[in-house]
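Ligands are counted one by one from 1 in listed order, and the atoms in each one are counted from 1 as well. Quick note: numbers below take in every heavy atom, side chains included, and nothing from hydrogens, waters or symmetry partners.
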Amino acid sequence: MELLGMVTILLMVFISSLLLSAIWKSGTDKKGKLPPGPSPLPIIGNALQLRTYHLDHTLCKVAEIDQKRRDEGERYLRREDERMRISEKYGPVFTMHFGTEPVVVLYGYDAIREALVDHAEEFSGRGRIPLIDKLRHFALTTLRNFGMGKKSIEERIQEEAQYLLEELQNTKEKVQEEIDRVVGRSRRPCMADRGQMPYTDAVLHEIQRFISLAPLGLPHAVIKDTPFRKYVIPKGTTVFPVLTSVLHDSKEFPNPKEFDPQHFLNEDGTFRKSDYFIPFSAGKRVCLGEGLARMELFLFLTTILQNFKLRPLTDPKDISITSTVSNVTTVLQPYQLCVVPR
Ligand code: HEM
């Protein structure tokens, strides 16, 4: 019994010192003035507020709640006098704790652009994420090999596109009409066609906007103590730019949760460019494969739809387009479709 009592006391002392050291560590590890955020618990940080399978939605929610609080704060300020600046709590730049590690979250176009473009150098570090160096090396080697080979990237992809079939969203007859009109059936689509195919271009942009493939981009880190808005983000702090918050901004895209190619079309049917289209992120660490990826998407889609009709096996309304986030990418539910020669 005595032994049991001793063990319990030791255990309590051990847990208390762990808690104390965690609190001390989170408070003293980094100097600076981090943006505000929900209060973290010792050791687990904000784990209770974070749903790791849909981190982007969780972070959007935190920002939305915050917006609500700010609005309430503004009303409060108007009603009462300027006693309390509730609007200074949270905001488009806030801090969440992943365990004891503070992570600065950038939410919305203005904050992300200001950080990644206007302060490109300071925010050019890479937050800790395994495999990134290997990914970078792989991409650079692949791009170099493409460039050094006899054939251009475009030709290589055109060839690949002949053989590869990808699961796609429902076929849009309008895309096929545009392909038939601009490319015809006798030759392969090429990049020069894109300028004359605004609808297809809009569909491709909308697919990327809608699915938001890399909802949080990849984590950045500030390379030195960085004054940003009212804060000073300490060197080495991880920064998440929530790309979904820009791609699903309702001021820029009126129906952000709907798949609607009109988001990228002007009234006269010409292609509408948007600065909010940032699935590849922005600034110094922008995706190295952007050009290649855009080329692949255009050539794959047009080559497939030039030659095939895609028929779902069930009513398209029954196909789930809800997604989850696995590691850093959005994953859609698998579904079956039938590929029929045209
Ligand atoms: C639709 C397809 C793709 C999307 C949406 C995408 C998106 C992204 C995003 C959001 C980032 C993070 C940028 C940042 O940290 O600010 C990134 C980084 C990167 N991407 Fe992509 N990517 C795509 C395809 C590719 C392809 C095909 C390659 C290689 C050929 C590639 C290579 C890379 C590399 C190496 C980085 C790291 C760049 C760095 O750390 O400086 N990506 N990508």
Side-chain angles (χ1 to χ4, degrees), residues 55-56 59 103-109 111-149 152-154 156-157 160-161 164 166-169 191 194 200-201 203-223 226 233 236-248 264 274-302 323 325-332:
L55 211 48
D56 59 329
L59 294 177
V103 169
V104 171
V105 181
L106 303 173
Y107 183 87
Y109 179 79
I112 291 179
R113 201 188 151 77
E114 194 177 326
L116 302 193
V117 179
D118 302 344
H119 293 81
E121 181 62 26
E122 295 94 313
F123 283 84
S124 67
R126 185 54 83 202
R128 263 180 292 130
I129 162 163
L131 290 180
I132 188 63
D133 291 339
K134 283 193 183 134
L135 173 67
R136 204 182 153 81
H137 177 75
F138 164 79
L140 287 173
T141 319
T142 313
L143 290 171
R144 205 176 303 125
N145 290 346
F146 262 129
M148 287 189 326
S152 72
I153 296 180
E154 187 175 347
R156 292 283 292 269
I157 300 169
E160 269 184 54
L164 283 175
E166 296 269 310
E167 285 186 1
L168 295 167
Q169 299 274 1
M191 289 312 289
R194 193 169 56 178
T200 307
D201 210 4
V203 167
L204 278 168
H205 278 71
E206 180 63 0
I207 291 171
Q208 292 191 76
R209 186 203 68 77
F210 181 75
I211 63 170
S212 186
L213 189 63
L216 301 172
L218 288 179
H220 283 236
V222 282
I223 58 166
T226 301
I233 306 175
T237 305
T238 300
V239 177
F240 276 160
V242 186
L243 301 184
T244 305
S245 68
V246 183
L247 294 169
H248 289 190
F264 293 95
S274 170
D275 289 343
Y276 285 60
F277 181 73
I278 54 162
F280 300 97
S281 190
K284 267 194 120 162
R285 300 305 293 255
V286 68
C287 172
L288 274 177
E290 176 172 358
L292 178 65
R294 280 178 178 242
M295 198 184 273
E296 280 184 339
L297 290 170
F298 179 77
L299 293 178
F300 281 150
L301 181 82
T302 49
S323 60
V325 177
S326 164
N327 292 324
V328 289
T329 52
T330 302
V331 183
L332 294 168

For A293, atoms of ligand 1 separated by under 4.0 Å from a heavy atom: 2 (C), 24 (C)

Any donor-acceptor N/O pair, H119 side chain to S124 backbone, under 3.5 Å: no

Nearest-0.5 Å distance that lies between atom NE2 in H220 and atom CG in L116: 5.0 Å

Out of curiosity, I112 CD1 to F240 CZ, how far, rounded to the nearest 0.5 Å? 12.5 Å

Between the CG atom in D275 and the CD1 atom in I278, the distance rounded to the nearest 0.5 Å is 10.0 Å

How long is the gap from CD on Q208 to CZ on F280, to the nearest 0.5 Å? 4.5 Å

Which of the numbered atoms in ligand 1 are below 4.0 angstrom from a heavy atom of L243? 10 (C)

Ranking P279, C287, S212 by closest non-hydrogen atom to atom 25 (C) of ligand 1, top hit is C287

Ligand-side contact atoms (ligand 1) for residue partner H220, heavy atom cut-off under 4.0 Å: 14 (C), 15 (O), 16 (O)

Do any nitrogen or oxygen atoms of R285 come within less than 3.5 Å of a nitrogen or oxygen of ligand 1? yes

Residue part near ligand 1, for R126, under 4.0 Å between non-hydrogen atoms: side chain

Check contact between I278 and ligand 1, using heavy atoms of the residue and a distance below 4.0 angstrom. no

Atoms of ligand 1 close to L218 [distance to a heavy atom under 4.0 angstrom, numbered from 1]: 12 (C), 15 (O), 18 (C)

Show which atoms of ligand 1 fall inside a sub-4.0 Å distance from at least one heavy-atom site of L292. 30 (C)

Nearest heavy-atom approach of T244 to S212 is OG1-OG, 2.9 Å

Taken to the nearest 0.5 Å, the spacing of T200 OG1 from R194 CZ works out to 11.0 Å

